[in-house]
Peer 1: 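Here it is: the structure, laid out below.
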Amino acid sequence: LRHAPVTLSQAADIAETNGPGRAVGAELGHSGNRVFYEVEIINTVNESRRLRVDAESGKIVKRDD
């Protein structure tokens, strides 16, 4: 995608550095003209959370704690 300079692998790394846990899944999505990765993180006690990583800037734009 020309609107996604951040790769899926980079998005997973960004999400993992945001808190404890490992990325176990990610998918590319969009809302309007924004492109993002929805990354699922599982921590050591098997709690799941989702983060959205902007595919253009690499910034976390939404957290589902």
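Predicted model, so just to flag it, every value in this text is computed and none were measured.
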Peer 1: Looking at every non-hydrogen atom in both residues, tell me the closest pair between I14 and T17 and how far apart they are.
Peer 2: O-OG1, 2.8 Å
Peer 1: Taking all non-hydrogen atoms of both residues, which atom of A55 and which atom of P5 are closest, and how far apart?
Peer 2: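 Where A55 meets P5 most closely, the heavy atoms are O-CD, 3.1 Å.
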Peer 1: Scan for salt bridge (charged side-chain N to carboxylate O under 4.0 Å, His left out) pairs involving residues 36-46, sequence neighbours excluded, and state none if there are none.
Peer 2: E38-R52, E40-R50
Peer 1: Looking only at heavy atoms, what is the nearest atom pair of P20 and N43, with distance?
Peer 2: O-CB, 4.0 Å
Peer 1: In the single-linkage hydrophobic clustering (I, L, V, M, F, W, Y; side-chain heavy atoms under 4.5 Å), do L28 and V53 co-cluster?
Peer 2: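 Same hydrophobic cluster.
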Peer 1: Kindly write out the residues that satisfy side-chain contact (heavy atoms from CB on, under 4.5 Å) with N18, not counting sequence neighbours, or none if the list is empty.
Peer 2: R49, L51, I60, R63
Peer 1: Can you list, by chain and residue number, the hydrophobic cluster partners of V24 when the side-chain cut-off is 4.5 Å?
Peer 2: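 Same cluster as V24: I42.
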Peer 1: Taking side-chain contact (heavy atoms from CB on, under 4.5 Å) as the test, write out the residues that go with R22, two or more places apart.
Peer 2: E16
Peer 1: Who pairs with A26 by side-chain contact (heavy atoms from CB on, under 4.5 Å), at least two apart in sequence or on another chain?
Peer 2: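 Only L8, V39 meet the side-chain contact (heavy atoms from CB on, under 4.5 Å) criterion with A26.
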Peer 1: Using a 4.5 Å cut-off between side-chain heavy atoms of Ile, Leu, Val, Met, Phe, Trp and Tyr, which other residues end up in the same hydrophobic cluster as F36?
Peer 2: none
Peer 1: Could you pull out all residues at least two apart from E27 that satisfy salt bridge (Lys or Arg N to Asp or Glu O under 4.0 Å)?
Peer 2: none
Peer 1: My understanding is that only residues two or more places apart in sequence, or in another chain, count here; which of them pass side-chain contact (heavy atoms from CB on, under 4.5 Å) with Q10?
Peer 2: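 Scan of Q10 (side-chain contact (heavy atoms from CB on, under 4.5 Å), adjacent residues dropped) gives V6, T7.
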